[in-house]
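Working notes, structure below.
The model shown is predicted, which means the values in this text are computed figures rather than measured ones.
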Amino acid sequence: MNFEIAPKSTEIRANWEAAIMYCFSLTIDGKTGWRLPTNDELNAIYKSKNDFRGHYYWSSTESIGNTAWALFMAHGSQYSAKKSSTGVFVRAIRDLKDD
């Protein structure tokens, strides 16, 4: 994976637009550039060793209408959720680069 995952302690639940803004405004140990992972990146996280909870997590990948993809970390299923849903977890990532 060519990205860093934010610590579990930074997780929140939010609607999709708030999730994107939260990630964008996040600063951890002086590091910025955090963002919501794409659907493919969430799949890679699911397949790796991780400390994600068994809940749905937002991706930045939009679906049909006013929905975006979320991934259920307990078994890897994908779900097209309404962007207004507030019960979906948010965990930011950032591209690896020289800091």
Side-chain angles (χ1 to χ4, degrees):
M1 290 186 286
N2 295 338
F3 53 85
E4 175 182 6
I5 302 170
K8 188 179 208 174
S9 61
T10 64
E11 284 185 3
I12 64 167
R13 288 184 186 200
N15 69 40
W16 188 76
E17 289 182 10
I20 288 180
M21 292 306 299
Y22 173 75
C23 294
F24 179 76
S25 65
L26 199 59
T27 299
I28 301 171
D29 296 330
K31 296 176 183 176
T32 59
W34 297 95
R35 61 181 175 80
L36 207 54
T38 66
N39 203 32
D40 289 341
E41 289 166 334
L42 273 181
N43 279 321
I45 292 167
Y46 170 74
K47 292 176 183 177
S48 72
K49 293 181 181 178
N50 66 72
D51 63 350
F52 279 59
R53 302 173 191 197
H55 299 293
Y56 281 101
Y57 285 82
W58 281 121
S59 81
S60 62
T61 308
E62 295 183 76
S63 186
I64 298 170
N66 197 24
T67 62
W69 290 104
L71 189 135
F72 190 53
M73 284 293 178
H75 50 70
S77 65
Q78 298 174 358
Y79 174 69
S80 181
K82 290 183 180 181
K83 290 180 180 178
S84 60
S85 299
T86 58
V88 182
F89 279 79
V90 178
R91 185 89 167 262
I93 66 168
R94 68 188 285 274
D95 296 319
L96 291 177
K97 58 184 177 188
D98 296 328
D99 290 318

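- Residues Val90 and Tyr57 approach most closely at N-CD2, 4.3 Å, considering heavy atoms.
- Thr67 and Lys83 get closest at one heavy-atom pair: O-CE, 3.4 Å.
- The shortest non-hydrogen separation linking Phe72 to Gly54 is CE1-O, 3.1 Å.
- Under a hydrophobic-cluster definition in which Ile, Leu, Val, Met, Phe, Trp and Tyr are linked whenever side-chain heavy atoms come within less than 4.5 Å, directly or via other members, Ile20 and Tyr56 are assigned to the same cluster.
- Counting heavy atoms of neighbouring residues, nucleotides and ligands inside a 6.0 Å radius, atom NZ of Lys8 exceeds 12 of them.
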Can you list, pair by pair, the side-chain donor-acceptor contacts under 3.5 Å of residues 39-46, counting residues two or more places apart and other chains?
residue : atom : partner : partner atom : Å
Asn39   : ND2  : Gln78   : OE1          : 3.3
Glu41   : OE1  : Arg35   : NH1          : 2.9
Glu41   : OE1  : Thr38   : N            : 2.8
Glu41   : OE1  : Thr38   : OG1          : 3.3
Glu41   : OE2  : Arg35   : NH2          : 2.8
Asn43   : OD1  : Gln78   : NE2          : 3.3
Asn43   : ND2  : Asn39   : O            : 3.3
Tyr46   : OH   : His75   : O            : 3.2

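- When all heavy atoms of Pro37 and Arg91 are compared, the pair lying nearest together is CD-O, 3.4 Å.
- The shortest side-chain heavy-atom distance between Leu71 and Ser59 does not fall under the 4.5 Å cut-off.
- The distance from the CD atom of Glu17 to the CH2 atom of Trp58 is 10.0 Å, given to the nearest 0.5 Å.
- For the atom pair CH2 of Trp16 and CH2 of Trp69, the computed distance is 13.5 Å after rounding to the nearest 0.5 Å.
- Residues Thr10 and Trp34 have side chains not in contact (no heavy-atom distance under 4.5 Å, counting atoms from C-beta outward).
- The neighbour count for Asp51 CG, taken as heavy atoms of other residues, nucleotides or ligands under 6.0 Å away, is above 12.
- The CE atom of Met21 sits 10.5 Å away from the SG atom of Cys23 when rounded to the nearest 0.5 Å.
- Following chains of ILVMFWY side-chain contacts shorter than 4.5 Å, one cannot reach Ile12 starting from Ile93, and the two form parts of different hydrophobic clusters.
- We find the CE-CZ distance between Met73 and Arg53 to be 12.5 Å, quoted to the nearest 0.5 Å.
- With Asp29 contributing its side chain and Lys31 its backbone, the two residues share no donor-acceptor pair below 3.5 Å.
- Between Phe89 and His55, the ring planes are parallel. Angles under 30° get that label, and only those over 60° would be called perpendicular.
- Heavy atoms only, all atoms of each residue included: Ala19 and Ala14 are closest at N-CB, 4.1 Å.
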